[in-house]
Amino acid sequence: MTELLNKADFILDKLFSLKDQVAVVTGGSGVLGGAMARGLALAGARVVVLGRNEVRAKAVVADITANGGESMAVLADVGDRSQLEVARDSVLKHWGQIDILINAAGGNIPAATITPDATFFDMPHAAFAQVVDLNLVGTLIPSQVFGQAMVDRNQPRGCIVNISSMSAIRAISRVVGYSAAKAAIDNFTRWLAVELAQKYGAGLRVNAIAPGFFIGEQNRDLLLNPDGSLSDRGQKIIDHTPAGRFGEPEELLSTLIWLCSSGSSFVNGVVVPVDGGFSIYSGV
């Protein structure tokens with residue numbers, strides 16, 4: 001039994017450890033981004049929590065360091081290239097390398113959502129563009145800025161993980177801008193995976209995770225009533241999820257760590273659903 005346990009430890013250390021790697025998590029002060037930052041730290045990575053809210057970013061860093069990890073908070077807007085370049089240079093000065101980028105920043109805005117008493121024709125173009133900027137451009141620019149550090153190494157190496165959505169692959173009512181932006185994330189993930197591997201070698205990989213429905217800051221009021229019971233929309237989602245519940249942020253971590261580790265060294269350009277079966281259920 002001891003020999004088997006030792007072999008298991010060897011496999012975990014060899015295939016799934018992120019020890020000595022430096023991971024940047026955009027949107028790292030949010031619910032899902034914060035969980036991802038903490039999970040990467042538990043796997044051994046030194047984690048950069050990048051966000052716009054200093055208080056929340058430092059709270060995630062404090063959690064990581066309290067559990068024996070290494071972390072630093074960096075303030076930057078994912079839509080501002082100059083801020084991201086300053087952030088990148090700060091990380092390189094502090095830790096000397098960047099191995100992993102998690103593009104967890106994103107979200108929706110009310111003006112780009114078609115409410116029951118409105119129509120598609122009422123939606124302002126500016127609102128649609130704002131959501132696309134936040135999600136798609138907010139993934140593009142960090143990939144360019146931090147990806148450059150991966151390419152500039154003596155041997156180009158690194159891993160980018162983007163965040164997709166169920167709305168990228170299924171028509172979900174109301175969220176027109178968000179859906180279009182996340183569908184573009186899927187395409188961008190595949191395109192960039194090919195581009196980087198062909199030009200810089202197999203040491204550079206780009207994949208994505210498509211979370212199912214998790215309770216976060218932006219969707220809580222849509223999915224839950226004030227008393228914590230399911231809203232009508234929340235009930236529809238649960239009815240269409242074979243697992244019969246919402247996900248917990250920690251349930252993203254095993255997939256995230258796998259995609260960032262050498263255990264997935266031959267996995268490139270995929271979008272992995274972590275959704276309780278939502279994406280494969282017809283409702284019948």
Step by step, work out the side-chain contact (heavy atoms from CB on, under 4.5 Å) result for L223 and L230. CA-CA 6 Å; L223 304 182; L230 292 171; 5.9 Å; no
With a 3.5 Å cut-off and sequence neighbours excluded, list the donor-acceptor pairs that the side chains of residues 37-48 form with protein atoms.
unit_1, atom_1, unit_2, atom_2, d
R38, NE, D63, OD2, 3.2
R38, NH1, G34, O, 3.2
R38, NH2, D63, OD2, 2.8
R46, NH2, D20, O, 2.9

Would you mind checking if E195 and R190 are paired as a salt bridge, meaning a charged N to carboxylate O distance below 4.0 Å? no
Between W258 and V25, is there a shared hydrophobic cluster once you connect ILVMFWY residues whose side-chain heavy atoms come closer than 4.5 Å? yes
Check: R88 side chain, F146 main-chain N or O, donor-acceptor pair, under 3.5 Å: no
Using every non-hydrogen atom in the two residues, find where A184 and L136 come nearest and quote the distance to one decimal. CB-CD2, 3.7 Å
Is a donor on one side and an acceptor on the other found under 3.5 Å between the side chain of K199 and the backbone of V194? no
The reported gap from CE in M36 to CG in L256 (rounded to nearest 0.5 angstrom) is 6.0 Å
Taking the side chain as everything from C-beta on, heavy atoms only, tell me whether S231 gets closer than 4.5 Å to L224. no
Tell me, with the steps shown, if S179 and R170 meet side-chain contact (heavy atoms from CB on, under 4.5 Å). CA-CA 9 Å; S179 297; R170 301 186 71 92; over 6 Å; no
Identify, with sequence neighbours excluded, every residue that meets salt bridge (charged side-chain N to carboxylate O under 4.0 Å, His left out) alongside R56. E217
Side chain of E251, backbone of E248: donor and acceptor closer than 3.5 Å? yes
For V271 and S164, work out which heavy atoms get closest and say how close. CG1-CB, 4.0 Å
Are L140 and V24 connected, step by step, through hydrophobic side chains (Ile, Leu, Val, Met, Phe, Trp, Tyr) whose heavy atoms are closer than 4.5 Å? yes
Under a single-linkage definition using a 4.5 Å side-chain heavy-atom cutoff for Ile, Leu, Val, Met, Phe, Trp and Tyr, are V60 and V78 assigned to the same hydrophobic cluster? no
Residue pair P116 / R174: nearest heavy atoms and the distance that separates them: CG-NH2, 3.5 Å
Are S29 and N53 linked by a side-chain donor-acceptor pair shorter than 3.5 Å? no
Determine whether W95 and M72 make a side-chain contact, defined as any pair of heavy atoms from C-beta on separated by less than 4.5 Å. yes
Would you say D227 has more than 12 foreign heavy atoms packed within less than 6.0 Å of its CG? yes
What distance do I102 atom CD1 and L252 atom CG have between them, rounded to the nearest 0.5 Å? 11.0 Å
Going by heavy atoms in the side chains, are P142 and L101 under 4.5 Å from each other? yes
Grouping I, L, V, M, F, W and Y whenever their side-chain heavy atoms are under 4.5 Å apart, do W191 and V151 come out in a common cluster? yes
Hey, could you give me the OG/CZ distance between S262 and F16, rounded to the nearest 0.5 Å? 8.0 Å
Straight-line distance of L50 CG to L75 CG, nearest 0.5 Å: 8.0 Å
Might you work through the side-chain contact (heavy atoms from CB on, under 4.5 Å) test for V91 and V22, ending with a clear yes or no? CA-CA 9 Å; V91 175; V22 176; 3.9 Å; yes
CG on N103 to OG1 on T26, rounded to 0.5 Å: 4.5 Å
In terms of heavy-atom contacts, V161 and C260 come closest through CG2-SG, 3.9 Å
Counting N and O atoms only, with roles assigned by atom type, does the side chain of S279 sit under 3.5 Å from a partner on the main chain of D275, one being a donor and the other an acceptor? no
Listed once per pair and sorted, the ring-ring contact (aromatic ring centres under 6.0 Å, His included) pairs that draw on residues 230-254, sequence neighbours left out: H240-F278, H240-Y281
If we ignore hydrogens and angles and just use 3.5 Å, is the side chain of T189 paired with the main-chain N or O of I185 as donor and acceptor? yes
Is it true that a side-chain atom of T65 and a backbone atom of V61 form a donor plus acceptor pair closer than 3.5 Å? yes
Out of curiosity, does Y200 fall in the hydrophobic cluster containing V145 (side-chain heavy atoms, cut-off under 4.5 Å, transitive links)? yes
Q144 vs R81 side-chain heavy atoms within contact, under 4.5 Å: yes
Could you tell me if the side chain of S143 sits less than 4.5 Å from the side chain of L192, heavy atoms only? yes
Tell me which donor-acceptor pairs under 3.5 Å the side chains of residues 202-213 have, and how far apart each pair is, sequence neighbours excluded?
unit_1, atom_1, unit_2, atom_2, d
R205, NH1, L259, O, 3.4
R205, NH1, S264, O, 2.8
R205, NH1, S264, OG, 3.1
R205, NH1, V267, O, 3.0
R205, NH2, L259, O, 3.0
R205, NH2, S261, O, 3.3
R205, NH2, S264, OG, 3.3
N207, OD1, G269, N, 2.8
N207, OD1, V270, N, 2.9
N207, ND2, V267, O, 3.1

Which residues satisfy the salt bridge (charged side-chain N to carboxylate O under 4.0 Å, His left out) test with R157, sequence neighbours excluded? D99
Mind checking the CG-CD1 spacing from D80 to I141? Nearest 0.5 Å is all I need. 8.0 Å
Worked verdict on F214 versus V31 for side-chain contact (heavy atoms from CB on, under 4.5 Å): CA-CA 9 Å; F214 295 75; V31 173; over 6 Å; no
Where is the tightest heavy-atom contact between G27 and A105, given as atom of each residue plus distance? N-CB, 3.7 Å
Has S165 got a side-chain atom pairing as donor or acceptor with S167's backbone, closer than 3.5 angstrom? yes
Verify the neighbour count for atom CG of D122: are there more than 12 heavy atoms of other residues, nucleotides or ligands below 6.0 Å? yes
Can you give the donor-acceptor pairs under 3.5 Å from side chains of residues 127-135 to other protein atoms, not counting sequence neighbours?
unit_1, atom_1, unit_2, atom_2, d
N135, OD1, G107, N, 2.9
N135, ND2, G107, O, 2.7
N135, ND2, V131, O, 2.9

Taking all heavy atoms of A149 and all of I98, pick out the closest pair and write down the distance. CB-CD1, 4.0 Å
Tell me whether Q83 contacts the main-chain N or O of D77 through its side chain, where contact means a donor paired with an acceptor under 3.5 Å. yes
Is the closest side-chain heavy-atom distance between T113 and V176 below 4.5 Å? no
Do P249 and I215 come within less than 4.5 Å of each other through their side chains, counting heavy atoms only? no
